[in-house]
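By convention in this document, chain letters (A, B, ...) are assigned in the order of the sequence lines, proteins followed by strands, and residues within each chain are numbered from 1.
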Amino acid sequence: MARILITSAIPYINGIKHLGNLVGSQLPADLFARYMRARGHEVMFICATDEHGTPAELAAAKAGKPVAEYCAEMHAVQKGLSDGFGLSFDHFGRSSSERNHELTQHFAGKLWENGYIEEVTERQVYSQADGRFLPDRYIEGTCPNCGYEKARGDQCENCTKQLDPTDLINPRSAISGSTDLEVRETKHLYLRQSLLKDRLEAWIDSKTDWPVLTTSIARKWLHDGDGLRDRGITRDLDWGVPVRRGGEPWPGMEGKVFYVWFDAPIEYIAATAEWADAHGLGEPAWRRWWRTDEGADDVRYVQFMGKDNVPFHTLSFPATIMGSGEPWKLVDYIKSFNYLNYDGGQFSTSQGRGVFMDDALDLLPADYWRWWLLRNVPENADAEFTWEHFQATVNKDLADVLGNLASRVTKFCRSRFGEAVPEGGTTGAFEAALIARLDKRVRAYEDHMEAMEIRKAAAELRALWAEGNEFLQEAAPWAAFKEDPARAAATIRLAFNLIRFYAVISRPFIPDASARLMAALRCEDWTWPDDVNRALTVLPAGHAFEVPEVLFRKITDDEREAWRARFAGGRG
RNA sequence: GGGCCCGUAGCUCAAUUGGUCAGAGCAGAGCGCUCAUAACGCUUUGGUUGGGGGUUCGAGUCCCUCCGGGCCUACCA
């Protein structure tokens, strides 16, 4: 039994996430976690809400609430939606937790001691009306290059020129529109990750099995321009982790907080500590996952994230850990994803374009979404959600291939033999051939899951389901029943076991449907089919069952069109 | 501007380090079955693998170039 630590990129707090966010990290991480648990491994699956930063403060202000209250509410909302999608986190923490405050300050203290933090006095734009320093992109003005009037302080969206806020003509706050701006001096801490460039690069180079997407982004940042740049890790905000060196105050940094991208990855560790706290466990319970000197040496650590998060996970966070000089666990494998687009464009939180997690659960049970999203997860390139494809995939795969198989077997049995697995008859070479095919496929499925080749795993799983229909067609128990009922009984008995087999292996993808199948079979034996032959004899003759409700209903053309219209934009 | 990824049958995608790899699912066509959510099974029509050039005994698979699409470019996270 292995020990596997899994973290999903932590979703930002300022609103409900859309399906693109879900499929880019949390959902595939859940698939992997569920699979590894099913194989009997010890899994620690961690996620959290990322609660600090300017957008959180602005969202809270817009909602007319104190930021702490806003974050607490949104955390509860996101937790509820995570549960709704069946995301099986061992703990869903909060980056604003006391644990994260302590750990973030601890890391900063160690980095300072080791010379990896530098104090830098810089000039930033301050807005009197907003009472805050403005990040570059929150300053708008006229582009000096092309004259576009809504250029942002970091870049002009019209001509794509990189800008400095002070370049803008007639600069104003993007928050309030105020032009009462001034440049003030302010002191900040920089993480001197450039000092760790060689170590980081050697580390990245050693990861030859990582997705190209992951390593290419990391290398780009290592070599772009003058190489890896140092990074500001503090901000002039109220909401966040106060800047301290471990337990000590940090002279000259009063009133400042750490930058979210410094404290957010540390929350992976902190959330594991939160998990231990929530379960009344002591320090060793979580440290054995994270400290290589306290048991984490044999832990395999896998991270899931969208490509936008890769630089922070391949460089900044590892730099934080390396620079601490302490034996914290570094990630072993980073599975990164491209984006999911929506019907010809991008998902847009601001425009309400696309399907959001709450909407999705409002329309259909989680398994429909899980299946489509995972089967089409943007592994190698950006993928696209269309209602036609969603309808076609779900109806065919889930309703016709899997759901209907359960219906035809259980209903046939009920009408011919009654509501118990029939007895009599024996299996022969025909069944042995089926088992051989299933064995080959389930081993391939395992290999794909182990390698996190999600699309391939989904395709193999579907092929396994299809084997059931092929077998039934060939065995034709409805025909055999007339001349040789025992023969039909043996076929149906195997078919029942086949359904259980499918429930077990499909569970990582469609956990609710698997549970309903098992409930109908009145079975609680979720043993993984290491031995397919044995797995197909779990349900004995005489075992009572119920005919399940329709496992997956079909999506109608009318629904498809109504939903397309509803989610075209203008949510709110 | 720089960097990266992609462009394979109508659609969505597969093809270990170059050597039966030109495939699967869907859609289409034909046949079969009738247990089932008008579901299932079998057979079958589709591609000179974006264009051109090159390396090689042999290239979707390597190199060059052109065309087309996407992403990233560091204080929003």
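- Nearest nucleotide to the side chain of A/Tyr12, out of B/U12, B/C4, B/A77: B/A77.
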Residues 486-499 of chain A side chain polar contacts: donor-acceptor under 3.5 Å, at least two apart:
{"from": "A/Arg487", "atom 1": "NH2", "to": "A/Glu431", "atom 2": "OE2", "distance (Å)": "2.6"}
{"from": "A/Thr491", "atom 1": "OG1", "to": "A/Arg487", "atom 2": "O", "distance (Å)": "3.3"}
{"from": "A/Arg493", "atom 1": "NH1", "to": "A/Pro422", "atom 2": "O", "distance (Å)": "2.9"}
{"from": "A/Arg493", "atom 1": "NH1", "to": "A/Gly424", "atom 2": "O", "distance (Å)": "2.9"}
{"from": "A/Arg493", "atom 1": "NH2", "to": "A/Gly424", "atom 2": "O", "distance (Å)": "3.2"}
{"from": "A/Arg493", "atom 1": "NH2", "to": "A/Gly425", "atom 2": "O", "distance (Å)": "3.3"}
{"from": "A/Asn497", "atom 1": "OD1", "to": "A/Val538", "atom 2": "N", "distance (Å)": "3.0"}
{"from": "A/Asn497", "atom 1": "OD1", "to": "A/Leu539", "atom 2": "N", "distance (Å)": "2.7"}
{"from": "A/Asn497", "atom 1": "ND2", "to": "A/Arg493", "atom 2": "O", "distance (Å)": "3.0"}
{"from": "A/Asn497", "atom 1": "ND2", "to": "A/Leu536", "atom 2": "O", "distance (Å)": "3.3"}
{"from": "A/Asn497", "atom 1": "ND2", "to": "A/Leu539", "atom 2": "O", "distance (Å)": "3.1"}

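- In this structure, A/Arg408 places its CZ atom 8 Å from C1' of B/G41, rounding to the nearest Å.
- Here A/Val550 lies in heavy-atom contact (under 4.0 Å) with a base.
- A stem is defined here as three or more consecutive Watson-Crick or G-U pairs, each with both distances under 3.5 Å; for RNA chain B these stems are B:1-7 with B:67-73, B:10-13 with B:23-26, B:28-32 with B:40-44, B:50-54 with B:62-66.
- Counting only residues at least two apart or on different chains, the side chain to side chain donor-acceptor pair (under 3.5 Å) pairs with a member in residues 406-415 of chain A are A/Arg408-A/Asn469.
- The residue A/Gly232 sits apart from the nucleic acid: no heavy atom pair falls under 4.0 Å.
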Protein and nucleotides 25-34 of chain B: nitrogen or oxygen contacts under 3.5 angstrom:
{"from": "B/G25", "atom 1": "O3'", "to": "A/Arg462", "atom 2": "NH2", "distance (Å)": "3.1"}
{"from": "B/G32", "atom 1": "N2", "to": "A/Gln473", "atom 2": "NE2", "distance (Å)": "3.2"}
{"from": "B/C33", "atom 1": "O2'", "to": "A/Trp478", "atom 2": "NE1", "distance (Å)": "3.2"}

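- Every residue meeting the salt bridge (charged side-chain N to carboxylate O under 4.0 Å, His left out) condition with A/Asp557, not counting sequence neighbours, appears here in chain and number order: A/Arg560.
- Among residues two or more places apart in sequence or in another chain, the ring-ring contact (aromatic ring centres under 6.0 Å, His included) test is passed with A/Phe471 by A/Phe430.
- Listed by chain and residue number, A/Lys554 satisfy the salt bridge (charged side-chain N to carboxylate O under 4.0 Å, His left out) test with A/Asp400 (two or more places apart in sequence, or in another chain).
- In this structure, A/Tyr12 has no ring-ring contact (aromatic ring centres under 6.0 Å, His included) partners at least two apart in sequence or on a different chain.
- Rounded to whole Å, the separation between the P atoms of B/C66 and B/G2 comes to 12 Å.
- Within the nucleic acid shown, A/Pro477 has no heavy atom closer than 4.0 Å to any nucleic acid atom.
- With sequence neighbours left out, A/Glu57 forms a salt bridge (charged side-chain N to carboxylate O under 4.0 Å, His left out) with A/Arg132.
- Applying the side chain to side chain donor-acceptor pair (under 3.5 Å) test to residues at least two apart or on different chains, the pairs with a partner in residues 334-344 of chain A are A/Thr214-A/Ser336, A/Lys307-A/Asn338, A/Lys335-A/Glu379, A/Tyr342-A/Trp387.
- Across all strands shown, A/Phe552 has heavy atoms under 4.0 Å from base atoms, whether or not it also approaches the sugar-phosphate.
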Output one line per pair: protein atom, nucleotide atom from nucleotides 14-18 of chain B, and distance, for all N/O pairs under 3.5 Å.
{"from": "B/A14", "atom 1": "OP1", "to": "A/Asn380", "atom 2": "ND2", "distance (Å)": "2.6"}
{"from": "B/A15", "atom 1": "OP1", "to": "A/Lys456", "atom 2": "NZ", "distance (Å)": "2.5"}

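- Across all strands, A/Pro55 comes closer than 4.0 Å only to sugar-phosphate atoms, never to a base (heavy-atom distances).
- Checking the phosphate oxygens (OP1, OP2) of B/A77, a side-chain nitrogen or oxygen of A/Tyr259 falls inside 4.0 Å.
- Nucleic acid contact class of A/Lys220 (heavy atoms, under 4.0 Å, all strands): base.
- A/Glu384 meets the salt bridge (charged side-chain N to carboxylate O under 4.0 Å, His left out) test with no other residue; sequence neighbours excluded.
- Residue A/Phe133 is out of contact with every strand shown, counting any heavy-atom pair closer than 4.0 Å.
- Residue-level contact check: A/Leu315 touches neither bases nor backbone, having no heavy atom under 4.0 Å from any strand.
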